[in-house]
Amino acid sequence: QVQLVESGGGLVQPGGSLRLSCAASGSIFSIDGMSWYRQAPGKQRGLVATIGSAGTTYYADSMKGRFTISRDNAKNTVYLQMNSLKPEDTAVYYCNAVVRPDFIEKSYTYWGQGTQVTVSS
């Protein structure tokens, strides 16, 4: 069983910063891509950023220059540093990981439960 647990969400003023963390735990052989998605009320869930096992990154256009994704492979953890936050960044943020569990020669996509980020004055 593999679990992803996010932390670090909360209420922040416009222009402020937050750092989200997502730790994967359980019977993990390896983790390939790790990503952050977000879903605002009434909108579809969309990709924020993704990072490969070797550190290659990709960002959605609206996040470039403000958000930074990183990972610590030793801790099976992915981070999202969010700077210059705007009210339109308000959403539930979900982490996602492509994980190969122990003893299984196949990878699966797992999701965290989500963490709320609210940007408001």
Roughly how far, to the nearest 0.5 Å, is the [atom2] atom of [Y] from the [atom1] atom of [X]?
X	Y	atom1	atom2	answer
Gln116	Gln39	CD	CD	11.0 Å
Met34	Asp72	CE	CG	10.0 Å
Thr68	Leu80	OG1	CG	8.0 Å

Enumerate the disulfide bond (SG atoms under 2.5 Å apart) contacts for residues 23-64, please, sequence neighbours excluded, ordered by first and then second residue.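 Matches after skipping sequence neighbours: none remain.
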
Quick test of your reading: applying ring pair (Phe, Tyr, Trp, His ring centres under 6.0 Å), list the pairs with at least one residue in [range], sequence neighbours left out, ordered by first then second residue.
range	result
residues 45-86	none
residues 1-23	none
residues 17-40	Tyr37-Trp111
residues 82-108	none

Test salt bridge (Lys or Arg N to Asp or Glu O under 4.0 Å) applied to Arg71 - qualifying residues, sequence neighbours left out: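 For Arg71, no residue satisfies salt bridge (Lys or Arg N to Asp or Glu O under 4.0 Å) once neighbours in sequence are set aside.
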
Could you pull out all residues at least two apart from Lys106 that satisfy salt bridge (Lys or Arg N to Asp or Glu O under 4.0 Å)?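 Once residues adjacent in sequence are excluded, Lys106 has no partner under the salt bridge (Lys or Arg N to Asp or Glu O under 4.0 Å) criterion.
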
Looking only at heavy atoms, what is the nearest atom pair of Ile31 and Ala97, with distance?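 Minimum heavy-atom separation between Ile31 and Ala97: CG2-CB, 4.2 Å.
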
Residue pairs passing the salt bridge (Lys or Arg N to Asp or Glu O under 4.0 Å) test where at least one lies in residues 43-59, sequence neighbours excluded: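 Every candidate salt bridge (Lys or Arg N to Asp or Glu O under 4.0 Å) pair involving residues 43-59 fails, so no pair, neighbours aside, qualifies.
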
Mind jotting down which residue pairs meet the salt bridge (Lys or Arg N to Asp or Glu O under 4.0 Å) criterion with at least one end in residues 47-65? Sequence neighbours excluded, please.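 Residue pairs passing salt bridge (Lys or Arg N to Asp or Glu O under 4.0 Å), neighbours aside: Asp61-Lys64.
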
Should the heavy atoms of other residues, nucleotides or ligands under 6.0 Å from CD of Gln1 be counted, would the total exceed 12?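 Count not over threshold, so no.
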
All N/O donor-acceptor pairs, side-chain side in residues 2-26, below 3.5 Å, sequence neighbours left out:
| unit_1 | atom_1 | unit_2 | atom_2 | d |
| --- | --- | --- | --- | --- |
| Glu6 | OE1 | Gln113 | N | 3.0 |
| Glu6 | OE1 | Gln113 | NE2 | 3.4 |
| Glu6 | OE1 | Gly114 | N | 2.7 |
| Glu6 | OE2 | Cys95 | N | 2.8 |
| Glu6 | OE2 | Gly114 | N | 3.2 |
| Ser17 | OG | Asn83 | OD1 | 2.9 |

Suppose we screen for side-chain contact (heavy atoms from CB on, under 4.5 Å). Which residues come up paired with Ala60, at least two apart in sequence or across chains?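 With neighbours one apart ignored, the set is Met63.
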
Partner residues of Ser107 under the side-chain contact (heavy atoms from CB on, under 4.5 Å) criterion, sequence neighbours left out: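 So Ser107 forms a side-chain contact (heavy atoms from CB on, under 4.5 Å) with Val98, Arg100.
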
Side chains of Met82 and Val117, heavy atoms from C-beta outward: is any pair under 4.5 Å?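 Counting from C-beta outward, Met82 and Val117 do come under 4.5 Å.
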
Heavy-atom distance under 4.5 Å between the side chains of Ser35 and Leu47, does that happen here?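 Heavy-atom side-chain distance check passes, below 4.5 Å.
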
